[in-house]
Amino acid sequence: MSDFIVHAIPGSPFARAVMAVMAEKGAPYRLAALKPGEHKQPAHLARHPFGRMPAIEHGDFGLYETQAILRYIDRTWPTPPLTPAEPKAAARMDQAMAVADWYLFPGVASVIGFQRVVGPALLGLVPDEAACAAAMPAAHTVFAALADLLGDRPFFAGAVSLADFLLAAQINFLERAPEWAALTAERAALPRWLARMQARPSFAATTWERVAELAAAA
C-alpha cells in the first residue's frame with residue numbers, strides 16, 4: 001500500500017492529529033512541508049480549494065478536511081481501531097470531534113493558541129492581550145462542555161479514539177498559554193486526559209518541534 005503524503009505547515013494542529021493517528025496505527029507517511037503562506041498558493045489550492053491544512057495523497061487518491069482524513073485512515077488501516085463499535089460510544093466520539101471543529105478551534109484555539117504560541121513562534125508577533133481576554137468566555141464554555149463529555153472516563157469515547165487525537169492536538173497549544181490555569185482550575189480531568197495523550201508514543205512523535213526537525217531533514 002502506498003505511503004500517505006501529508007501537505008501542511010509544520011505545527012498545524014490539524015495536521016498533527018492526522019500524523020499522530022497514522023503513527024498510532026503504524027501507517028507509513030511523510031510530511032510534504034509547506035512554508036507559511038504556501039497554503040494559499042495555486043499548488044496547494046489544487047489539493048484543497050479552501051486553502052487550509054492538511055491535504056493528503058494516498059496513491060492516486062487525494063483528500064482534504066481533517067475529519068474525513070481521520071476516518072479514511074481508520075477505515076483503510078483498521079488496526080488498532082480508533083472508532084468505537086458500540087453506537088453510543090461512537091456517537092460520543094462524533095460529538096467531541098464536532099466540538100473540536102465548531103467551538104474549540106474557531107474563536108478559542110484560533111485566537112489564544114495563535115496569539116500565545118503560533119504567532120510569536122512563526123511570525124515574531126507580540127500577543128494581543130485584549131484578543132486573548134475576549135476569547136476567554138467562549139473558552140470557558142468549551143472547556144466546561146469538554147469536561148462534561150469526558151466525565152471520569154480516561155478518553156472521550158471510553159477507549160482512545162479519533163476524537164482524542166483531534167482534541168489533544170488543539171488543546172496542547174492552549175496548555176502553553178497562561179490562560180490554561182484558569183481554564184482547568186476546576187476541570188482537573190482535562191489535564192490528566194491530556195497527559196495520557198502526551199504519553200502515547202504516537203503523540204510524542206508528532207510534536208511541533210519533532211515535525212519541524214523531520215521537515216528540515218527532508
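The first residue in the sequence is number 1, and the count goes up from there. For clarity, every value in this text was computed on a predicted model and none was experimentally measured.
- In plain terms, the two heavy atoms of Leu70 and Ala17 that are nearest each other are CD2-O, 3.7 Å.
- Between the Asp74 side chain and the Leu162 main chain, no donor and acceptor come within less than 3.5 Å of each other.
- Of the possible polar contacts, one joining the Lys25 side chain to the Pro80 backbone as a donor-acceptor pair under 3.5 Å is found.
- Heavy-atom neighbours of Arg187 CZ from other residues, nucleotides or ligands within 6.0 Å: above the threshold of 12.
- Remark: of the listed residues His44, Glu38, His48, His44 is the sole one forming a side-chain contact (heavy atoms from CB on, under 4.5 Å) with Met53.
- Formation of a donor-acceptor pair under 3.5 Å by the Arg47 side chain with backbone atoms of His7 is not found in this model.
- Taking a 6.0 Å sphere around OH of Tyr103, one finds it holds 12 or fewer heavy atoms contributed by other residues, nucleotides or ligands.
- Contact record, Ala157 with Ala89: CB-O, 3.6 Å, taken as the closest heavy-atom pair.
- Pairing each heavy atom of Ala8 with each of Pro54, the nearest pair is CB-CB, 4.1 Å.
- Checked by atom type and distance alone, the side chain of Ser202 never pairs as donor or acceptor with a backbone atom of Val21 at under 3.5 Å.
- No side-chain donor-acceptor contact under 3.5 Å links Glu65 to the backbone of Ala68.
- Across all their heavy atoms, Pro36 and Ile9 have their closest contact at CA-CD1, 3.6 Å.
- Cation-pi contact between Arg16 and Phe165: absent, since separation from the ring centre below 6.0 Å together with deviation from the ring axis within 45° is not met.
- No more than 12 heavy atoms of other residues, nucleotides or ligands lie within 6.0 Å of CD in Glu186, so this atom counts as exposed by the packing criterion.
- Each of Leu167, Asp164, Thr66, Leu166 was scored for a side-chain contact (heavy atoms from CB on, under 4.5 Å) with Met97, with one residue passing: Leu166.
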Decide yes or no on side-chain contact (heavy atoms from CB on, under 4.5 Å) for Phe114 and Leu123, but give the supporting numbers first.
-> CA-CA 10 Å; Phe114 178 80; Leu123 304 173; 4.0 Å; yes
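- The environment of CZ in Arg92 is sparse: at most 12 heavy-atom neighbours from other residues, nucleotides or ligands sit within 6.0 Å.
- Checked for salt-bridge contact, Asp94 and Arg71 meet the test: a charged N lies under 4.0 Å from a carboxylate O.
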